[in-house]
Amino acid sequence: MAMVCLTDFEEYAKEHLSKATWDYYAAGADECCTRDDNLLAYKRIRLRPRILRDVSVSDTRTTVQGTEISFPVGIAPTAFHCLAWHEGEVATARATEALNTCYITSTYSTCSVEEIVAAAPSGYRWFQLYVYRERKLSEQLVHRVEALGYKALVLTVDVPYTGKRRNDIRNQFRLPPHLKVKNFEGVFQQETSVPEEYGIPANTLDPSISWKDIHWLQSITRLPIIIKGILTKEDAEVAVEHGVQGIIVSNHGGRQLDGGPASIDALAEIVETVAGRIEVYVDGGIRTGSDVLKALALGAKCVFIGRPAVWGLAYKGEEGVREVLQILNDEFRLSMALSGCRNVAEINRSLVQFSKL
């Protein structure tokens with residue numbers, strides 16, 4: 001079967017992954033309202049195409065944090081790629097290297113940061129970080145990825161506690177015994193009496209994380225710091241005041257607080273508040289090239305995809321992720337041309353309007 005759009009990959013993954021694995025990737029928090037609204041929100045946005053603009057030549061290239069990528073779609077940090085494909089994050093890294101775009105490696109990878117770099121040495125990578133109660137764990141990870149050539153830290157700030165994902169509870173989701181959170185291999189003593197949460201001991205994340213931890217992080221690394229999980233203009237302003245280099249507008253794929261805004265609906269006020277002082281990105285709900293175009297029109301510098309990358313892995317590993325990215329690239333280029341944009345610089349707010357669905 002020809003894979004024509006991202007929905008084809010989703011249907012394949014749902015059919016071929018185990019129920020517990022599918023439920024884990026698909027999960028939203030509580031009633032999944034925010035997860036589902038991430039998709040619906042894009043459908044409420046309409047494009048205002050301009051015509052007769054000579055779109056015989058188009059250019060999808062852009063830059064993020066000063067580095068050129070082939071088109072404004074990267075891979076968001078998603079955990080446990082080996083659940084979808086035996087090579088896991090190694091396959092994802094090779095695919096993003098081949099298409100010359102950005103891959104944000106998850107702390108919760110089933111391949112180590114060293115294995116990922118070895119598999120795709122020329123790839124452009126950022127590293128997604130959590131802050132743990134034991135600060136040394138976070139600090140050691142920061143030093144490891146900095147030494148390995150990762151180009152930025154993506155601090156995820158919307159998980160002081162893990163959201164309630166009902167199907168994971170029903171399924172009693174656990175990593176299978178042959179898989180590990182490889183970046184923490186040998187760190188935690190395996191005591192069967194200690195409750196586990198997504199591959200590591202429960203209560204390891206630090207719920208006391210606050211803005212002062214940004215200063216702590218800046219004191220231990222020279223890497224740019226990008227904050228992932230901001231949904232309000234108020235927090236965007238505080239982030240800029242704390243000297244971070246970027247914001248990813250994100251609701252964690254609807255997996256944390258149910259009832260919050262769709263990421264794309266939160267984007268405009270954050271872009272307006274930031275006013276070009278730092279770069280703003282968005283994730284959550286991107287399924288087509290026109291979604292990418294809408295996000296850029298509303299001020300995102302780049303978008304990141306999570307679940308579609310995992311669907312690509314489930315389909316055909318590295319080749320599947322490459323296909324997902326290539327389809328988005330082709331659709332984005334076509335949407336740009338049909339809207340009268342020859343390059344990313346020509347995409348602006350006048351290209352979109354909101355409609356009632």
More than 12 heavy atoms of other residues, nucleotides or ligands under 6.0 Å from CD of Glu31: yes or no?
no
Check this for me: does any side-chain nitrogen of one of Glu115 and Lys182 sit under 4.0 Å from a carboxylate oxygen of the other?
yes
Which residues share a ring-ring contact (aromatic ring centres under 6.0 Å, His included) with Trp216, sequence neighbours left out
none
Is there a donor in the side chain of Glu331 and an acceptor in the side chain of Thr288, or the other way round, less than 3.5 Å apart?
no
Of Arg255, His252, Gln256, which meets side chain to side chain donor-acceptor pair (under 3.5 Å) against Asp158?
His252
Using only heavy-atom distances, determine whether the side chains of Thr21 and Ser18 contain a donor-acceptor pair under 3.5 Å.
yes
According to ring pair (Phe, Tyr, Trp, His ring centres under 6.0 Å), does anything in residues 219-251 pair up with another residue at least two apart or in another chain? List the pairs.
Trp211-His242, His215-His242
Tyr24: ring-ring contact (aromatic ring centres under 6.0 Å, His included) partners, not counting sequence neighbours
Phe80, Phe173, Tyr198
Glu272 atom CD, neighbour heavy-atom count above 12 within 6.0 Å
no
Can you sort out the partners of Phe332 under ring-ring contact (aromatic ring centres under 6.0 Å, His included), two or more places apart, ordered by chain and number?
none
Side chains of Glu269 and Thr232: any donor to acceptor distance under 3.5 Å?
no
Answer with yes or no whether the side chains of His81 and Thr92 bring together a donor and an acceptor at under 3.5 Å.
yes
Flag the pair Arg277 and Glu237 as a salt bridge only when some basic side-chain nitrogen lies within less than 4.0 angstrom of an acidic carboxylate oxygen.
yes
Residues clustered with Phe304, ILVMFWY side-chain links under 4.5 angstrom:
Val64, Ile69, Ile104, Tyr124, Trp126, Val154, Ile226, Ile248, Tyr281
Does Ser350 have any side chain to side chain contact (heavy atoms under 4.5 Å, CB included) partners at least two apart in sequence or in another chain, and if so, which?
Arg48, Asn348
So, using side chain to side chain contact (heavy atoms under 4.5 Å, CB included) as the criterion, who are the partners of Ala314 when residues are at least two apart?
Ala13, Leu17, Ala84
Could you pull out all residues at least two apart from Glu318 that satisfy side chain to side chain contact (heavy atoms under 4.5 Å, CB included)?
Ala91, Arg94, Ala95, Arg322
Look at the side chain of Asp330 and the backbone N and O of Ile327, then say whether any donor-acceptor pair between them is shorter than 3.5 Å.
no
For His16, enumerate each residue passing the ring-ring contact (aromatic ring centres under 6.0 Å, His included) test, keeping only those at least two apart in sequence or located in another chain.
Tyr12
Please determine, by modelled atom types, if Ser58 and Arg333 share a side-chain donor-acceptor pair under 3.5 angstrom.
yes
Are Arg135 and Glu139 ion-paired here, with the side-chain N under 4.0 Å from a carboxylate O?
no
Listing request: all ring pair (Phe, Tyr, Trp, His ring centres under 6.0 Å) pairs with a residue in residues 42-62, at least two apart in sequence or in separate chains.
none
Is the backbone N or O of Ala26 less than 3.5 Å from a side-chain atom of Arg35, with the two atoms forming a donor-acceptor pair by type?
yes
Give a yes or no on whether the backbone of Val181 and the side-chain of Thr110 come within a donor-acceptor separation of less than 3.5 Å.
no
Members besides Val4 in its Ile/Leu/Val/Met/Phe/Trp/Tyr cluster (side-chain heavy atoms under 4.5 Å):
none
Return yes if some donor-acceptor pair links the side-chain N/O of Thr107 with the main-chain N/O of Gln128 below 3.5 Å, else return no.
yes
Would you say the side chains of Ser112 and Glu185 form a donor-acceptor pair under 3.5 Å?
no
Would you say that Val324 contacts Ile305 through its side chain, given a criterion of any heavy-atom pair below 4.5 Å between the two side chains?
yes
Taking atom CD1 of Ile51 as the centre, report whether more than 12 heavy atoms of other residues, nucleotides or ligands fall under 6.0 Å from it.
no
What pairs with Asp265 under side chain to side chain contact (heavy atoms under 4.5 Å, CB included), at least two apart in sequence or on another chain?
Asp37, Ala41, Arg44, Ala262, Phe354
Any sub-3.5 Å donor-acceptor pair from Glu89's side-chain atoms to Cys111's backbone N or O?
yes
A quick test of your reading: do over 12 heavy atoms of other residues, nucleotides or ligands sit less than 6.0 Å from CZ of Arg133?
yes
